Amino acid sequence: MENFLNKFFFRSSNLNYINHSVVNLTKQTPANKIFEVLNTYSDNSEVRYVGGCIRKIIKKEVVDDIDLATNLKPSEVCDALKKKI
């Protein structure tokens with residue numbers, strides 16, 4: 001399994017690139033506000049980058065959209081955003 005992951009992620013140097021790119025995505029977009037609001041909604045709330053933005057980072061393409069997933073219900077997301085943003 002480790003060999004597969006090494007090939008998929010082009011070894012650890014690419015893992016550093018991926019990590020750095022995700023951090024930059026958060027810093028350079030308004031996503032950081034959404035992360036802050038949703039992650040602090042409750043002790044169990046979480047939000048993650050998913051989909052095309054992660055694929056584009058891995059493939060070293062320009063990220064032109066951001067997809068997020070959360071464990072909150074839609075009504076909770078609306079409530080959290082209305083309170084904080």
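Side chains included, hydrogens not; waters and symmetry mates left out as well; all remaining heavy atoms used. If you read the sequence from its start, that first residue is 1, and numbering goes on from there. A quick note: this is a predicted structure, and the numbers were derived from the prediction, not measured.
- Residues Leu72 and Val47 have side chains not in contact (no heavy-atom distance under 4.5 Å, counting atoms from C-beta outward).
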Problem - Step-by-step side chain to side chain contact (heavy atoms under 4.5 Å, CB included) determination, Ser45 to Asn71 - result: CA-CA 6 Å; Ser45 60; Asn71 63 339; 4.2 Å; yes

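- Separating the NE2 atom in His20 from the CD1 atom in Ile57 is a distance of 11.0 Å, to the nearest 0.5 Å.
- A distance of 4.0 Å separates CD1 in Ile66 from CG in Leu25, rounded to the nearest 0.5 Å.
- Interatomic distance, CD of Gln28 versus OG of Ser21, reported as 9.0 Å (0.5 Å rounding).
- In this structure, Glu61 places its CD atom where more than 12 heavy-atom neighbours from other residues, nucleotides or ligands lie under 6.0 Å away.
- Annotation: the span from Asn39 atom CG to Asn44 atom CG amounts to 11.5 Å, rounded to 0.5 Å.
- To the nearest 0.5 Å, the span separating CD1 on Ile18 from NZ on Lys60 amounts to 8.5 Å.
- A donor-acceptor contact shorter than 3.5 Å is absent between the side chain of Asp65 and the backbone of Gly52.
- By the criterion of side-chain heavy atoms lying less than 4.5 angstrom apart, applied directly or through intervening Ile, Leu, Val, Met, Phe, Trp or Tyr residues, Tyr49 is grouped together with Leu81 in one hydrophobic cluster.
- For Tyr41, the ring pair (Phe, Tyr, Trp, His ring centres under 6.0 Å) criterion is met by no residue, not counting sequence neighbours.
- Interatomic distance, Thr70 OG1 to Glu46 CD, rounded to the nearest 0.5 Å: 8.0 Å.
- At least one side-chain heavy atom of Val63 sits less than 4.5 Å from a side-chain heavy atom of Cys53.
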